[in-house]
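Quick notes on the structure that follows.
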Amino acid sequence: MDRVLLRRDGAAVTATACGDDGTPGAVTRLAPDELPGWVAARERAAPVRWVWDDTTRWYPALLDAGVRVQRCTDLRLAAAVLRRSPLAGPVPAADPGWAALQPVTADDPALFDLADPADALDPVAEHRRQQAAVAASAHRGRLGLLLAAESSGALAAAEMTWAGLPWRVDEHGRLLTALLGDRPPPGLRPPVLERLAGEVRAALRAPDLNPDSPAAVLRALQTAGLPVEDTRSWTLERVEHPVVAPLLEYKRLARLLAANGWSWLDTWVHDGRFRPVFLPGGVVTGRWASSGGGALSVPVQVRPAAVADEGWRLVVADVAQLEPRVLAGMSRDGALAEAARAADLYAGMVAAGVVATRAEAKVGVLGALYGGTRGESGRVMPRLARRYPRAIGLVEDAARAGERGAVVSTLLGRGSPSPRGAWAQRDADLGEAPEPGGRDTDRARRSWGRFTRNFVVQGTGAEWALCWLADLRNRLWRLGEGRLDRRPHLAFFLHDEVVVHTPAPLADEVAEQVRQAAAAAGRLLFGDFPVDFPLDVAVVRSWADAG
DNA sequence: TCATACAGCGCC
DNA sequence: AAAGGGCGCTGTATGA
């Protein structure tokens, strides 16, 4: 496939044809306003992979010009993966400028800023270096897939920000008013919160208490004789006192107001769209982060406001129990895969007689993934280890590796960071089994082991989701015609859930493609190993109607 | 006055 | 019911 590397050159853009090994060939110089048309023409002519320093610096302008590209290599993201990947071949380190490069946002003038640090980097050299690192890898298939998926994610992220999630300000406002009362002037509490604050103060005989101050609330609770050490909801729920009910209600509604109230609407919703910035690779495990509007934690409470346009639908799909399924696949644990054959993996475990109840299954699996050893989860673990030795062995190995300061890897080769801190330094220097340390050292060690245990599963889960998203993106494109936002398109992505905005007549076809993309992602990562990734798919007007 | 830390809670 | 992993965001509190 043709590779074309784009770079800025003063006011112009140069497009360099590259071989698969990154060897530069013919160069075309373009004025910036020629670029979209030229890219569109190349896209129409033949498959091409666009190579650029950073998708956030190139793609939004192309989308604004009505140009969608099929595939790219994002050198910034690829450099970040290769820098940590144990699977990368031995090549010289990248220019440290690549690690320092930050993504830019739409209102950021960086693309036309002469001081953009991206311009000091040599994308041709970095591309050759990266291609060499993949070519020299003992697992070039996996690593190449990871880089392609990461880059596809960057395209999908930019497209989702560009299209936005349809959001009804009127619906959201109605919801807020119903729960909080009318919108107050700036600096004042809405009526319902003001009333609850009064009830809390009365119950604690603390007329000046600010219920938004955890420290002040804690002092007031202790003064009233309540045996609490913090003011967390679940702590309060275990206490009997007249203040508990109004205080919990206050906290619930104050949270809604602060995180997703009227000022959230003013700030993040414009022209009927919520447009968060998605940051692919923003989390060490490979999950996406986001910036602006708390996109990855939009509460269920306000999802009724996400409503498809007139004549359109939302297709909402999520994977049930993604991580244990991924664990079954990556460890090739046939027994766990068998349990995963059921739509509900936990029910599958009960059916196989591993545990007595679904609740037990869930607590045990979560303990295996997160490193829970105490209580219920500690009691179930030995049974899981007996029945699912490969799966449990894999996460236990990852935990032990982390505890001795070693690096672990996802299926496709994303490496965990090296631990910081004295305990890890010493082990790394000695290159041998650690001496027993003090209590704090042991705690830090076990804590890092829980991180690496979870890293391999969460990270491989993120890889599955990336493959799903990348394939779905292309399937959706083929379903329609014209501009991206006139066709079925991705509108939101949340770790293991996607929201597609589609013309209503295509909704059922979209649902089918979402399922096929999930099956394809499973085959891509796990080949013929029989592990299912069943989806809950809903065709709805409002996000709140899914699930 | 500004920057940073912490508490708390939303999501997966 | 939480625990155990990963985040972002908001308010208050604190310290320069």
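Throughout, protein chains are lettered first and strands after them, A, B, ... in sequence-line order, and every chain is numbered starting at 1. Quick caveat, the model's predicted, so the values are computed rather than measured.
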What nucleotide, of [options], holds the atom closest to the side chain of [X]?
{"X": "A/A289", "options": "C/dG11, C/dG8, C/dG4", "result": "C/dG8"}
{"X": "A/E376", "options": "C/dA3, B/dG10, B/dC9", "result": "C/dA3"}
{"X": "A/R232", "options": "C/dC7, B/dG8, C/dG4", "result": "B/dG8"}
{"X": "A/S290", "options": "C/dG8, C/dG5, B/dC12", "result": "C/dG8"}
{"X": "A/V284", "options": "B/dG8, C/dG6, B/dG10", "result": "C/dG6"}

Quick one: is [N] close enough that its OP1 or OP2 comes under 4.0 Å of any side-chain N or O from [X]?
{"X": "A/S213", "N": "C/dA13", "result": "yes"}
{"X": "A/T285", "N": "C/dG5", "result": "no"}
{"X": "A/T231", "N": "B/dA7", "result": "no"}
{"X": "A/K251", "N": "B/dG8", "result": "no"}

Query raised in the report: Should the pair A/F492 and A/F274 be assigned to parallel (<30°), tilted (30 to 60°) or perpendicular (>60°) ring geometry?
Result: tilted
Requested in this report: Give the ring-plane orientation class for A/F451 versus A/W448, where under 30° counts as parallel, over 60° as perpendicular and anything between as tilted.
Outcome: tilted
Query raised in the report: Backbone N or O of A/R414 within a donor-acceptor pair of the A/S85 side chain at under 3.5 Å?
Result: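 Not confirmed, A/S85 side chain does not pair with A/R414 backbone.
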Query raised in the report: Are any side-chain N or O atoms of A/S542 and backbone N or O atoms of A/P304, one a donor and one an acceptor, separated by less than 3.5 Å?
Result: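 Side chain of A/S542 to backbone of A/P304, a donor-acceptor pair under 3.5 Å: yes, one is there.
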Between [N] ([atom2]) and [X] ([atom1]): distance, integer Å:
{"X": "A/L256", "N": "C/dC9", "atom1": "CG", "atom2": "P", "answer": "17 Å"}
{"X": "A/E497", "N": "B/dG10", "atom1": "CD", "atom2": "P", "answer": "18 Å"}
{"X": "A/L366", "N": "C/dG4", "atom1": "CG", "atom2": "P", "answer": "13 Å"}
{"X": "A/L322", "N": "B/dC11", "atom1": "CG", "atom2": "P", "answer": "19 Å"}
{"X": "A/L265", "N": "C/dT10", "atom1": "CG", "atom2": "P", "answer": "13 Å"}
{"X": "A/L257", "N": "C/dT12", "atom1": "CG", "atom2": "P", "answer": "11 Å"}
{"X": "A/L218", "N": "B/dG8", "atom1": "CG", "atom2": "P", "answer": "7 Å"}
{"X": "A/D212", "N": "B/dA7", "atom1": "CG", "atom2": "C1'", "answer": "12 Å"}

[X] near the nucleic acid: base, sugar-phosphate alone, or nothing, with a heavy-atom cut-off under 4.0 Å?
{"X": "A/V300", "result": "sugar-phosphate"}
{"X": "A/G292", "result": "sugar-phosphate"}
{"X": "A/G367", "result": "nothing"}
{"X": "A/R303", "result": "sugar-phosphate"}
{"X": "A/R255", "result": "base"}
{"X": "A/N210", "result": "sugar-phosphate"}
{"X": "A/G293", "result": "sugar-phosphate"}

Query raised in the report: When you match A/W234 and A/S291 each to their closest nucleotide on DNA chain C, which lands nearer the 5' end?
Result: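 Here A/W234 is the residue nearer the 5' end.
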Query raised in the report: Which sits closer to the 5' end of DNA chain C, A/W264 or A/E237, going by the nucleotide each is nearest to?
Result: A/E237
I'd like a table of atom pairs between the protein and nucleotides 14-16 of chain C - only N or O on both sides, under 3.5 Å - with the distance next to each one.
none

Query raised in the report: Ignoring hydrogens and angles, are the base of B/dC12 and the side chain of A/R287 linked by a donor-acceptor pair under 3.5 Å?
Result: yes
Query raised in the report: Is A/D54 paired with A/R76 through a side-chain N to carboxylate O contact shorter than 4.0 Å?
Result: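 Salt bridge present between A/R76 and A/D54.
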**Report entry** Candidate pair A/W264 and A/W167, rule ring-ring contact (aromatic ring centres under 6.0 Å, His included), full reasoning
**Finding:** CA-CA 12 Å; A/W264 182 89; A/W167 201 273; 5.3 Å; yes
Report summary line: Test side-chain contact (heavy atoms from CB on, under 4.5 Å), reference A/H172, set A/D170, A/L176, A/V169, output is A/L176
Query raised in the report: Heavy-atom count around A/K362 NZ within 6.0 Å, excluding the residue itself: above 12?
Result: no
Requested in this report: Before giving the answer on side-chain contact (heavy atoms from CB on, under 4.5 Å), spell out for A/D344 and A/R358 the whole-Å C-alpha distance, their side-chain angles and the decisive distance to 0.1 Å.
Outcome: CA-CA 9 Å; A/D344 179 2; A/R358 189 179 183 282; 2.6 Å; yes
